[in-house]
Amino acid sequence: MSAGIAVIGSNMVDLISYITRMPAEGETIEAPDFSMGCGGKGANQAVAAARLGSQILMVSRVGDDMFAANTLRNFEENGIDTTHVLSTPGTSGVAPIFVDPQSANSIIIVKGANNALSPADVEEVADEVAQCKLIVLQLEIPLETVSAAIDLGHRVGVPVLLNPAPATTELDFDQVTKCEYFVPNETELATLTGMPTESLDEVRAAARALVDKGCANVIVTLGKRGVFWLSAEGELTLDQYPATAVDTTGAGDAFIGCFSHCVVQGDSVPEALKTANAYAANSVTKRGTQKSYATAEEFAAWVGKGAPSQA
Ligand code: RIB
């Protein structure tokens with residue numbers, strides 16, 4: 001097993017309907033297909049990194065409903081210890097998701113038990129987090145808990161990756177600048193900076209504003225347009241890795257899980273970005289969220305079989 005990644009974040013049950021179009025107000029339409037699976041941005045990123053071989057310290061909360069046991073079993077099946085996946089009275093997090101024929105998705109999240117993950121839960125695992133090489137955070141848990149985790153990372157000298165999803169303008173930029181890696185998509189970047197992110201030049205300007213405020217690495221996932229990285233040392237733009245998409249749900253989480261795995265393995269940021277770009281592309285060729293995440297062997301076989309390499 002490789003060095004540890006602490007994922008302090010959400011888990012959800014994804015209820016995915018494959019639709020032909022969104023219903024109009026008051027309309028009932030039939031969706032041709034449905035799939036249920038494990039999701040949640042925290043759990044997704046943890047599972048992607050685990051499938052690639054990273055050892056994960058998962059800190060999360062499930063409810064006391066019919067979904068909880070399945071989520072715990074899923075973590076265990078992916079080699080993720082559930083000691084710090086705590087139980088909370090009430091519903092687990094759930095996410096109704098709609099995937100259209102163009103493979104694009106719309107997601108509603110009901111945070112449920114994720115709302116109960118507290119700063120005290122983070123403090124409880126401080127000694128174990130201090131042994132990790134990276135802390136990975138998203139925004140599907142309370143902001144005060146995210147903030148406590150950033151402070152813990154700072155205190156014990158473990159770098160932090162923050163994926164500000166779903167975006168909120170309440171995010172404290174003094175906390176953001178303590179993170180080594182800040183990884184929004186272009187929509188989140190626009191919400192957080194109040195700047196446009198339509199063109200690559202606009203994305204660069206918005207990322208520049210964050211680097212100027214003190215962010216070390218701003219990595220912007222751009223969907224079909226690839227990925228953009230800016231740091232004080234330079235920048236890199238990668239085109240989307242070629243693949244035929246059937247379901248893009250969780251592709252951003254696949255990217256972050258793989259990127260995290262690669263940087264704790266010692267890859268440079270550009271190397272890790274290239275691998276993560278390909279890993280996310282592989283995930284969109286399959287339906288489902290975590291169901292679409294390849295193991296290290298499956299990913300190597302896919303890349304080796306003629307998925308074109310990227311310079
Ligand atoms: O990023 C995709 C994820 O967002 C889904 O798994 C869903 O659960 C929501 O958290």
Side-chain angles (χ1 to χ4, degrees), residues 7-19 34-51 56 58-63 65 67-68 70-72 74-75 78 80 85 91-100 103-117 136-143 145-146 161-168 183-189 191 219-224 227 245-260 276 279-294:
V7 180
I8 301 172
S10 61
N11 67 83
M12 306 265 171
V13 177
D14 287 354
L15 308 165
I16 308 180
S17 297
Y18 294 92
I19 59 171
F34 172 81
S35 163
M36 189 172 104
C38 291
K41 297 180 196 303
N44 293 347
Q45 293 167 21
V47 165
R51 289 201 180 151
I56 305 296
M58 186 76 210
V59 184
S60 196
R61 277 192 178 265
V62 291
D65 53 8
F67 295 129
N70 186 54
T71 295
L72 292 170
N74 178 65
F75 279 134
N78 282 285
I80 298 174
V85 181
T91 180
S92 295
V94 292
I97 298 176
F98 305 94
V99 177
D100 72 16
S103 79
N105 62 74
S106 306
I107 302 177
I108 297 167
I109 56 165
V110 183
K111 290 183 181 172
N114 294 293
N115 266 328
L117 194 71
V136 175
L137 305 168
Q138 319 75 27
L139 301 183
E140 289 181 333
I141 57 173
L143 270 183
T145 308
V146 172
L161 181 154
L162 175 60
N163 169 220
T168 167
V183 194
N185 65 22
E186 73 267 60
T187 315
E188 291 150 3
L189 182 65
T191 303
I219 297 163
V220 189
T221 53
L222 299 168
K224 288 185 178 138
V227 59
V246 298
D247 183 352
T248 57
T249 313
D253 299 327
F255 177 91
I256 290 170
C258 181
F259 176 83
S260 301
Y279 188 79
N282 174 265
S283 80
V284 307
T285 65
K286 292 162 272 178
R287 277 188 168 188
T289 315
Q290 292 175 28
K291 285 178 188 168
S292 71
Y293 297 169

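Nothing fancy with the numbering, it's 1 onward along the sequence. When a ligand or atom number is given, it counts from 1 through the structure's own listing order.
For the pair D14 (side chain) and I16 (backbone), a donor-acceptor distance under 3.5 Å is absent. With hydrogens and angles disregarded, a donor-acceptor distance shorter than 3.5 Å links the side chain of S10 to the backbone of K41. With hydrogens and angles disregarded, no donor-acceptor distance shorter than 3.5 Å links the side chain of S60 to the backbone of V85.
Taking 4.0 Å as the cut-off, T249 does not count as a neighbour of ligand 1 on heavy-atom distance. Heavy-atom separations between G252 and ligand 1 are all 4.0 Å or longer.
Counting heavy atoms under 4.0 Å from ligand 1, residue M12 touches it through the side chain alone.
When only non-hydrogen protein atoms are considered, atom 2 (C) of ligand 1 lies nearest to D253 OD2, 3.3 Å. Atom 9 (C) of ligand 1 has as its closest protein heavy atom E140 OE2, 3.5 Å. Looking only at protein heavy atoms, the nearest one to atom 4 (O) of ligand 1 is K41 NZ, 3.1 Å. Residue, atom and distance of the protein heavy atom nearest to atom 7 (C) of ligand 1 are D14 OD1, 3.2 Å.
Nearest approach of L117 to T145, heavy atoms of both residues: O-OG1, 2.6 Å. Nearest approach of L137 to V146, heavy atoms of both residues: CD1-O, 3.9 Å. Taking each heavy atom of N282 and A294 in turn, the nearest pair found is OD1-CB, 3.4 Å. Of all heavy-atom pairs spanning V246 and R287, the tightest one is CG2-N, 3.9 Å.
Listed by number with element, the atoms of ligand 1 under 4.0 Å from a non-hydrogen atom of I109 are 9 (C), 10 (O). The contact set between ligand 1 and T289, taken as ligand atoms under 4.0 Å from a residue heavy atom, comprises 6 (O). Atom numbering of ligand 1 starts at 1 in the shown order; those under 4.0 Å from a heavy atom of A95 are 7 (C), 8 (O). Below 4.0 Å from some heavy atom of N44 lie the following atoms of ligand 1, by number and element: 2 (C), 3 (C), 5 (C), 6 (O). Listed by number with element, the atoms of ligand 1 under 4.0 angstrom from any heavy atom of G39 are 6 (O), 8 (O).
Inter-residue side-chain proximity for S92 and T71 is flagged as unmet; no heavy-atom pair is nearer than 4.5 Å.
Residue V110 is tested with V13, N115, V94 for a side-chain contact (heavy atoms from CB on, under 4.5 Å); the sole match is V94.
In terms of polar-atom proximity, G40 is counted as a contact of ligand 1, with an N or O under 3.5 Å from an N or O of the ligand.
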